[in-house]
Amino acid sequence: MDHQALKAFQQFGDHRFTKVDFMKNEHSTAFTLNFLPGQSMKAHSHPGKELYLVVIEGSGTFTVDGKEVLATRGDVLFGGEKDRIGFENNGDNRTTLFGTLTKIG
């Protein structure tokens, strides 16, 4: 068993969003994505993997296959291997997403 506190992985960078992997094994990775206001992540896919993202602080807009999805604290997004997912912190506060990426099969 591994136990971690998410607060320790809320690390923000002035020039771009940050991704902090904090648990990893041969099948899955747990991580945080940390965005200051105005920072974004380009839409991309994860072939052969499934993705869950949970907004743990702040808010923003996901882009899923070109469609915008507004999200606030407590919202959960699931992405399949072909979904192209991006995110923008278009608010005034910092935003942290908790994510898991799991291999399919």
Side-chain angles (χ1 to χ4, degrees):
M1 184 181 110
D2 194 357
H3 174 261
Q4 301 289 338
L6 285 178
K7 194 77 173 162
F9 307 104
Q10 290 183 274
Q11 302 167 11
F12 296 85
D14 290 332
H15 301 291
R16 66 182 305 270
F17 81 95
T18 63
K19 179 178 185 253
V20 182
D21 294 343
F22 62 90
M23 288 184 178
K24 194 170 191 172
N25 63 37
E26 62 199 52
H27 302 288
S28 62
T29 302
F31 57 91
T32 58
L33 298 172
N34 305 286
F35 300 84
L36 292 174
Q39 293 179 337
S40 62
M41 174 181 68
K42 292 182 182 182
H44 62 285
S45 61
H46 297 94
K49 298 177 182 165
E50 293 179 332
L51 174 70
Y52 284 94
L53 293 170
V54 181
V55 181
I56 62 169
E57 179 181 336
S59 62
T61 303
F62 287 105
T63 303
V64 182
D65 295 330
K67 179 181 174 186
E68 291 187 349
V69 179
L70 299 177
T72 60
R73 184 178 178 185
D75 288 351
V76 180
L77 179 89
F78 170 78
E81 66 178 317
K82 294 181 183 178
D83 292 328
R84 294 184 53 77
I85 298 171
F87 183 82
E88 180 180 4
N89 179 353
N90 44 16
D92 296 329
N93 298 307
R94 63 188 201 170
T95 297
T96 296
L97 309 177
F98 163 75
T100 60
L101 197 57
T102 306
K103 291 181 184 177
I104 299 170

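In what follows, residues are counted from 1 in the order of the sequence shown.
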Would you say that [X] contacts [Y] through its side chain, given a criterion of any heavy-atom pair below 4.5 Å between the two side chains?
{"X": "Thr95", "Y": "Phe87", "result": "yes"}
{"X": "Asn89", "Y": "Leu36", "result": "no"}
{"X": "Leu97", "Y": "Phe62", "result": "yes"}
{"X": "Phe9", "Y": "Asn34", "result": "no"}

Can you tell me how far the [atom1] atom of [X] sits from the [atom2] atom of [Y], to the nearest 0.5 Å?
{"X": "Lys42", "Y": "Phe17", "atom1": "NZ", "atom2": "CZ", "answer": "10.5 Å"}
{"X": "Ser59", "Y": "Asn93", "atom1": "OG", "atom2": "CG", "answer": "7.0 Å"}
{"X": "Asp83", "Y": "Thr63", "atom1": "CG", "atom2": "OG1", "answer": "12.5 Å"}
{"X": "Leu33", "Y": "Ile56", "atom1": "CG", "atom2": "CD1", "answer": "10.0 Å"}
{"X": "Gln39", "Y": "Glu88", "atom1": "CD", "atom2": "CD", "answer": "10.5 Å"}
{"X": "Thr100", "Y": "Met23", "atom1": "OG1", "atom2": "CE", "answer": "12.0 Å"}

Decide if atom [atom1] of [X] counts as having more than 12 heavy atoms of other residues, nucleotides or ligands within a radius under 6.0 Å.
{"X": "Phe22", "atom1": "CZ", "result": "yes"}
{"X": "His15", "atom1": "NE2", "result": "no"}
{"X": "Lys19", "atom1": "NZ", "result": "yes"}
{"X": "Asn25", "atom1": "CG", "result": "yes"}

Which atoms form the tightest heavy-atom contact between [X] and [Y], and what is the distance?
{"X": "Pro37", "Y": "Gly91", "value": "CB-O, 3.3 Å"}
{"X": "Glu57", "Y": "Gln10", "value": "OE1-NE2, 2.7 Å"}
{"X": "Phe98", "Y": "Ala30", "value": "CE1-CB, 4.1 Å"}

Counting N and O atoms only, with roles assigned by atom type, does the side chain of [X] sit under 3.5 Å from a partner on the main chain of [Y], one being a donor and the other an acceptor?
{"X": "Thr61", "Y": "Glu68", "result": "no"}
{"X": "His3", "Y": "Met1", "result": "no"}
{"X": "Lys82", "Y": "Ser45", "result": "no"}
{"X": "Glu81", "Y": "Gly48", "result": "yes"}

Walk me through it: do Leu53 and Phe31 pass the test side chain to side chain contact (heavy atoms under 4.5 Å, CB included)?
-> CA-CA 9 Å; Leu53 293 170; Phe31 57 91; 4.0 Å; yes
May I ask whether [X] and [Y] are part of the same hydrophobic cluster, defined by side-chain heavy atoms of I, L, V, M, F, W, Y residues being less than 4.5 angstrom apart, directly or through others?
{"X": "Leu6", "Y": "Leu101", "result": "no"}
{"X": "Val54", "Y": "Val20", "result": "yes"}
{"X": "Phe78", "Y": "Val76", "result": "yes"}

Passing candidate, side chain to side chain contact (heavy atoms under 4.5 Å, CB included) with Leu51, options Thr102, Leu77, Ile85 | Ile85
